[in-house]
Amino acid sequence: MSENKNARLIRVNSIRWPRFFLLFLAVAIGVTANGFQGILVPVSAGDFGMNHLAVSMMSSAFYLGYFIGTLLAVRLVTRVGHIRSYAVLASIVSGASLAFVLTQSETMWIFFGYFAELALLVWL
């Protein structure tokens with residue numbers, strides 16, 4: 001009888017590991033994308049010839065979005081649920097990332113950087 005109980009525990013535990021691995025992999029990809037965006041956006045802004053003040057304000061907007069996102073994350077997820085908030089914020093991050101390519105305005109890049117980081121923090 002104890003052998004059946006141990007066999008059942010092994011089977012249940014083996015089901016949990018792939019779920020944990022997929023969750024861990026998804027978070028790792030998101031954090032890596034966040035790092036690339038935080039580094040590559042200011043570097044490409046410098047390559048486009050934007051002035052140094054705008055590039056530094058873009059970097060500051062990323063961290064401001066990160067800070068404001070920490071304040072809004074719990075409230076957003078509890079109000080609308082994790083599935084809807086994930087879907088909306090994933091589309092905001094995707095749209096903001098694509099919008100960097102569409103315009104070369106310094107003000108818009110600061111705006112997109114703020115909202116991309118805010119949504120990415122709540123999303124992750």
Side-chain angles (χ1 to χ4, degrees):
M1 189 166 189
S2 64
E3 292 177 19
N4 291 337
K5 185 178 180 180
N6 290 337
R8 184 173 180 233
L9 288 176
I10 291 171
R11 187 180 63 167
V12 169
N13 288 337
S14 66
I15 292 173
R16 290 182 184 167
W17 278 105
R19 290 181 183 171
F20 172 76
F21 177 72
L22 291 175
L23 178 65
F24 184 75
L25 182 66
V27 170
I29 290 170
V31 169
T32 304
N34 184 18
F36 280 144
Q37 187 175 11
I39 293 170
L40 293 177
V41 168
V43 168
S44 61
D47 288 343
F48 284 138
M50 297 181 185
N51 62 9
H52 297 292
L53 179 64
V55 173
S56 62
M57 287 181 70
M58 276 179 233
S59 298
S60 298
F62 278 115
Y63 290 111
L64 181 66
Y66 194 83
F67 175 71
I68 301 296
T70 59
L71 300 175
L72 297 176
V74 175
R75 192 176 312 154
L76 178 71
V77 172
T78 56
R79 185 172 290 172
V80 294
H82 68 281
I83 295 173
R84 288 184 182 131
S85 63
Y86 179 83
V88 168
L89 295 172
S91 64
I92 290 173
V93 170
S94 303
S97 298
L98 292 173
F100 283 117
V101 179
L102 297 176
T103 182
Q104 292 184 2
S105 170
E106 298 166 350
T107 308
M108 293 307 291
W109 275 44
I110 293 169
F111 178 75
F112 293 144
Y114 170 75
F115 278 107
E117 190 65 31
L118 181 122
L120 193 60
L121 175 80
V122 178
W123 180 35
L124 290 177

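For clarity, every value in this text was computed on a predicted model and none was experimentally measured.
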How close do Asn34 and Leu120 get, counting heavy atoms only, and between which atoms?
CB-CD2, 3.2 Å
Nearest heavy-atom approach of Val93 to Ala119 is CG2-CB, 3.6 Å
Got a sec, which residues hit side chain to side chain contact (heavy atoms under 4.5 Å, CB included) with Tyr63, two or more places apart in sequence or on another chain?
none
Is there a chain of hydrophobic side chains (I, L, V, M, F, W, Y, each step under 4.5 Å between heavy atoms) that links Tyr114 to Val43?
no
For Ser97 and Gln37, the nearest pair of non-hydrogen atoms, with its separation, is OG-NE2, 3.7 Å
Which heavy atom of Val55 sits nearest a heavy atom of Met50, and at what distance?
CG2-O, 4.2 Å
Side-chain contact, heavy-atom cut-off 4.5 Å: Phe62 with Val41?
yes
Short side-chain to backbone donor-acceptor contact, Trp109 and Pro42, under 3.5 Å:
no
Working to the nearest 0.5 Å, report the span between CD1 of Ile110 and CZ of Phe115.
13.0 Å
Partner set under ring-ring contact (aromatic ring centres under 6.0 Å, His included) for Tyr66, not counting sequence neighbours
none
Within a strict 4.5 Å, meaning less than it, do heavy atoms of the Leu89 and Leu76 side chains meet?
yes
Is it possible for you to say whether Phe100 and Met108 belong to one hydrophobic cluster, with membership spreading through side-chain heavy-atom contacts below 4.5 Å?
yes
Cluster check Leu71, Leu64: I/L/V/M/F/W/Y, side chain < 4.5 angstrom:
yes
Return the minimal non-hydrogen interatomic distance between Gly69 and Leu118, and the atom names on each side.
N-CD1, 3.8 Å
In this structure, would Phe48 and Leu102 fall into the same cluster of hydrophobic residues linked by side-chain contacts under 4.5 Å?
no
Answer yes if Phe67 and Val77 sit in the same cluster of Ile, Leu, Val, Met, Phe, Trp and Tyr residues linked by side chain heavy atoms under 4.5 Å apart, and no otherwise.
no
